[in-house]
S.K.: 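Structure below; questions to follow.
FYI, side chains are in, hydrogens and waters are out, and symmetry mates aren't considered; it's all heavy atoms of this structure. By convention in this document, chain letters (A, B, ...) are assigned in the order of the sequence lines, proteins followed by strands, and residues within each chain are numbered from 1.
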Amino acid sequence: AQRVTQPEKLLSVFKGAPVELKCNYSYSGSPELFWYVQYSRQRLQLLLRHISRESIKGFTADLNKGETSFHLKKPFAQEEDSAMYYCAFSIGAGANNLFFGTGTRLTVIP
Amino acid sequence: NAGVTQTPKFQVLKTGQSMTLQCAQDMNHEYMSWYRQDPGMGLRLIHYSVGAGITDQGEVPNGYNVSRSTTEDFPLRLLSAAPSQTSVYFCASSSEWASGSHEQFFGPGTRLTVL
């Protein structure tokens, strides 16, 4: 069955420190991977997707098919990065249905 | 544009009552969906629609009905509410592209409590 695992429910880092939010997926095909973020009092919104290979707000994520991972990284955390982060995947082009992980709450300590 | 709107924001029901959660979008998106989020769990897909008149079941459809009579609206109906349906419900929409990823736009959520 399709599954997304985010092993850390809570993650705290100091401002300026590197941050990595882990995500592993279980799917036998070629999924499309996403990171969604929910800031305090805001809606869930797309942060980045693997197919775009882009950096958003300093965050990057590389799809590692061998390890079935899509970890989110940022070299220098900022206070405004504090939020709930969800890893998600869909089962390929043309498929909109998302499978979500349980989320990681990131707190950046000033 | 208002994006994706959901009403109500909060709702308390008694077991056995029925109600409809409303969802509307003004982005002319073909795809719409409903998710529920329970404490300590990720969002799980309830039902989805790829266009007016077309709906299908997601991962957790039991106890819910949907219909899609227009592109803009995608209501979620609870016919006989149960305490297990206490959750936060999110509606989302996205455009249909021939290929590539589809950014989902989410509503603000409806917090439902069934007593």
S.K.: Test of understanding: clusters of I, L, V, M, F, W, Y form through side-chain heavy atoms closer than 4.5 Å, transitively. Do A:L21 and A:I56 belong to the same one?
M.R.: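 Per the 4.5 Å side-chain linkage, A:L21 and A:I56 are co-clustered.
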S.K.: Quick check on the hydrophobic clustering: are A:L44 and B:F105 connected, directly or via other members, by side-chain heavy-atom contacts under 4.5 Å?
M.R.: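 Looking at the clustering, B:F105 is in a separate group from A:L44.
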S.K.: Can you say whether B:L45 sits under 4.5 Å from chain A via the side chain, the backbone, both, or neither, judging by heavy atoms?
M.R.: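 Interface part for B:L45: side chain.
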S.K.: Between B:Y35 and A:N97, does any side-chain donor sit less than 3.5 Å from a side-chain acceptor?
M.R.: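 No, no side-chain donor-acceptor contact under 3.5 Å.
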S.K.: Ignoring hydrogens and geometry, is there a side-chain-to-backbone donor-acceptor pair from A:R43 to B:V4 under 3.5 Å?
M.R.: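 Answer holds: yes.
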S.K.: Spell out, yes or no, whether B:I46 and B:V50 are grouped together once hydrophobic residues are joined by side-chain heavy atoms under 4.5 Å, including indirect joins.
M.R.: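 Hydrophobic grouping puts B:I46 apart from B:V50.
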S.K.: Would you say CZ of A:F76 has more than 12 non-hydrogen atoms from neighbouring residues, nucleotides or ligands within 6.0 angstrom?
M.R.: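 Open: at most 12 neighbouring heavy atoms sit under 6.0 Å from CZ of A:F76.
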S.K.: Are B:V114 and B:W34 in one and the same hydrophobic cluster, where Ile, Leu, Val, Met, Phe, Trp and Tyr link if side-chain heavy atoms are under 4.5 Å apart?
M.R.: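 Yes: a chain of side-chain contacts under 4.5 Å links B:V114 to B:W34.
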S.K.: Can a side-chain donor-acceptor contact be found between B:Q37 and A:Y86 if the only test is distance below 3.5 angstrom?
M.R.: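 Present: a donor and an acceptor within the cut-off.
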S.K.: Applying side chain to side chain contact (heavy atoms under 4.5 Å, CB included) to A:Q45 and B:E103, what does each step give before you reach the verdict?
M.R.: CA-CA 9 Å; A:Q45 59 187 284; B:E103 178 177 358; 5.8 Å; no
S.K.: Counting only heavy atoms from other residues, nucleotides and ligands, does the tally under 6.0 Å from CZ of B:R111 exceed 12?
M.R.: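 Not more than 12 within 6.0 Å, no.
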S.K.: Mind checking the CD-CZ spacing from A:Q42 to B:F106? Nearest 0.5 Å is all I need.
M.R.: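 The CD atom of A:Q42 sits 14.5 Å away from the CZ atom of B:F106.
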S.K.: Under the side chain to side chain contact (heavy atoms under 4.5 Å, CB included) criterion, do A:L46 and B:Q104 qualify, and how do the steps go?
M.R.: CA-CA 7 Å; A:L46 178 67; B:Q104 303 261 358; over 6 Å; no
